[in-house]
Colleague: 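Next up is a structure, given as structure tokens.
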Amino acid sequence: MRGQTWRYLIAGGLAGVANGFFGGGGGSVFVPLLTRYCRLDQRRAFATSVAVILPLCALSMCVYFLRGGLDFWAALPYLVGGTVGGWAGGKWFKGVQMVWLKRAFGLLLIYGGVRSFL
């Protein structure tokens, strides 16, 4: 296997571990890996992350469901809201300058990190 392909496999594996271990959040690991380790530009890294995280989340959901840790009815309103939000974010994505996307993503990571410690 070529060297670059190994990088992609490792980055995907790390995103999968984060996604399965934390029940989500693989994208917060995957975007920095795609930009630094796999050398994708930021906009392509965001889009690629979404495409990869969807099946990882579906797999993690199945594992949690089979182990009895998923309350589908409690998750349903979030799924509906997330679908609308994902559609809107995808529509706005191309029009937002990269500097603002990077800042917003950084703030989101900082917010999540601070909330994890509180």
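Atoms considered below: every heavy atom in the structure, side chains included; atoms not considered: hydrogens, waters and symmetry mates.
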Colleague: How far does CG of Leu59 sit from CG of Leu54, to the nearest 0.5 angstrom?
Modeller: 11.5 Å
Colleague: Apart from Tyr37 itself, which Ile, Leu, Val, Met, Phe, Trp or Tyr residues share its cluster (side-chain heavy atoms under 4.5 Å, direct or through members)?
Modeller: Ile10, Leu14, Val29, Leu33
Colleague: Taking all atoms of both residues into account, what is the closest heavy-atom pair of Ala45 and Thr35, and its distance?
Modeller: CB-CG2, 3.5 Å
Colleague: Under the 4.5 Å side-chain heavy-atom rule for ILVMFWY, direct or indirect, which residues accompany Trp87?
Modeller: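 Noted: Trp87 shares its cluster with no other residue.
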Colleague: I need the minimum non-hydrogen distance between Pro55 and Ala51, along with the two atoms involved.
Modeller: CD-O, 3.1 Å
Colleague: Who pairs with Asp41 by salt bridge (charged side-chain N to carboxylate O under 4.0 Å, His left out), at least two apart in sequence or on another chain?
Modeller: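 Applying salt bridge (charged side-chain N to carboxylate O under 4.0 Å, His left out) to Asp41 gives Arg44.
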Colleague: Closest heavy-atom contact between Ser49 and Phe30?
Modeller: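 Closest pair (atom of Ser49, atom of Phe30, distance): CA-CD2, 3.6 Å.
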Colleague: Can you pull out every salt bridge (charged side-chain N to carboxylate O under 4.0 Å, His left out) where at least one residue sits in residues 85-110? Sequence neighbours excluded, please.
Modeller: none
Colleague: Just verifying a value: how many Å separate Leu9 CG and Thr5 OG1, rounded to the nearest 0.5 Å?
Modeller: 7.0 Å
Colleague: For Val80, give me all partners under side chain to side chain contact (heavy atoms under 4.5 Å, CB included), at least two apart in sequence or on another chain.
Modeller: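 Per chain and number, Val80 pairs via side chain to side chain contact (heavy atoms under 4.5 Å, CB included) with no residue.
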Colleague: Say you draw a straight line from CZ of Arg43 to CD of Gln97; how long is it, rounded to the nearest 0.5 Å?
Modeller: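 The CZ atom of Arg43 sits 9.0 Å away from the CD atom of Gln97.
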Colleague: Kindly list each side-chain donor-acceptor pair under 3.5 angstrom involving residues 68-77, sequence neighbours excluded, with atom names and distances?
Modeller:
unit_1, atom_1, unit_2, atom_2, d
Asp71, OD1, Trp73, N, 3.4
Asp71, OD1, Ala74, N, 3.2

Colleague: When clusters are formed from ILVMFWY side-chain contacts under 4.5 Å, directly or step by step, what else is grouped with Phe117?
Modeller: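 In the cluster with Phe117 there is nothing else; it is isolated.
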Colleague: Kindly give the cluster partners of Met98, where membership spreads through any ILVMFWY side chain lying under 4.5 Å from a current member.
Modeller: Val31, Phe46, Phe93, Val96, Val99, Trp100, Leu101, Phe105, Leu109
